[in-house]
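Encoded as structure tokens, the structure appears first; notes follow it.
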Amino acid sequence: VWEKMSPEEKREHREKMKRTQDRKRDRQRRRRKEEDSRKRRGDEANGGDSNRKKKSNFEERPVGKRAIRFVKGDRVRCWLGSEFGWASGVVQAVDEPDPCEGCLPYVVCLDPPMKRLISVPTD
């Protein structure tokens with residue numbers, strides 16, 4: 001097939017292959033950057049040790065309070081009621097004081113398209 005191509009077609013084919021390789025290389029770079037950034041975030045949450053699991057708040061909670069399952073930075077799914085259903089987000093705060101209800105177990109920042117902070121009254 002290559003021999004039957006005109007010089008213009010060969011040039012276009014080479015350019016197309018180069019663009020494909022560039023896109024692939026860019027995707028690989030982005031993926032590596034994301035992995036590095038996730039590792040750094042994990043290091044910060046774990047006090048600098050990336051081989052250790054995230055610190056749980058279970059031991060640090062005062063007696064009489066329920067143990068919580070998530071720490072700041074964890075990805076979670078929240079039930080927003082039958083109108084909206086389930087939505088994904090990231091825990092922004094744990095045991096946040098609330099003047100109306102005492103203490104909220106979590107404050108979660110929802111992913112786009114909602115992209116807003118919600119208070120989670122129960123775990």
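Because only heavy atoms are used, hydrogens play no part in the values below, and waters and symmetry mates are left out as well, while side chains stay in. Along the sequence shown, residues carry numbers from 1.
Taking the salt bridge (charged side-chain N to carboxylate O under 4.0 Å, His left out) definition, one finds that Arg116 meets it with nothing, sequence neighbours left out.
Tested against Asp26 for a side chain to side chain contact (heavy atoms under 4.5 Å, CB included), the candidates Arg23, Lys24, Arg30 yield a single pass: Arg30.
The two residues Val107 and Leu117 have their closest heavy-atom pair at CG1-CD2, 4.1 Å. For Val91 against Phe70, the heavy-atom pair with the smallest separation is CG2-CB, 4.1 Å. Of all heavy-atom pairs spanning Ser119 and Leu104, the tightest one is CB-CD1, 3.3 Å. Nearest heavy-atom pair, Pro105 versus Pro121, reported as atom, atom and distance to 0.1 Å: CD-O, 3.4 Å.
Put simply, Val90 and Tyr106 are part of two different groups of oily side chains (I, L, V, M, F, W, Y) that touch within less than 4.5 Å, one to the next.
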Donor-acceptor contacts under 3.5 Å from residues 10-18 side chains, at least two apart:
residue, atom, partner, partner atom, Å
Arg11, NH1, Glu15, OE1, 3.4
Arg11, NH1, Glu15, OE2, 2.5
Arg11, NH2, Glu8, OE1, 3.4
Arg11, NH2, Glu8, OE2, 2.5
Lys18, NZ, Asp22, OD2, 3.3

Distance-only check: which donor-acceptor pairs under 3.5 Å involve side-chain atoms of residues 80-88, not counting sequence neighbours?
none

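Under the 4.5 Å side-chain criterion, counting only non-hydrogen atoms from C-beta, Ile118 is in contact with Cys78. Looking only at side-chain heavy atoms (C-beta outward), Arg75 and Asp111 come within less than 4.5 Å of each other.
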Derivation and outcome, salt bridge (Lys or Arg N to Asp or Glu O under 4.0 Å), residues Arg69 and Asp74: CA-CA 10 Å; Arg69 296 184 292 158; Asp74 281 352; over 6 Å; no

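Under the 3.5 Å distance criterion, the side-chain polar atoms of Glu34 are left unmatched by any main-chain donor or acceptor of Arg31.
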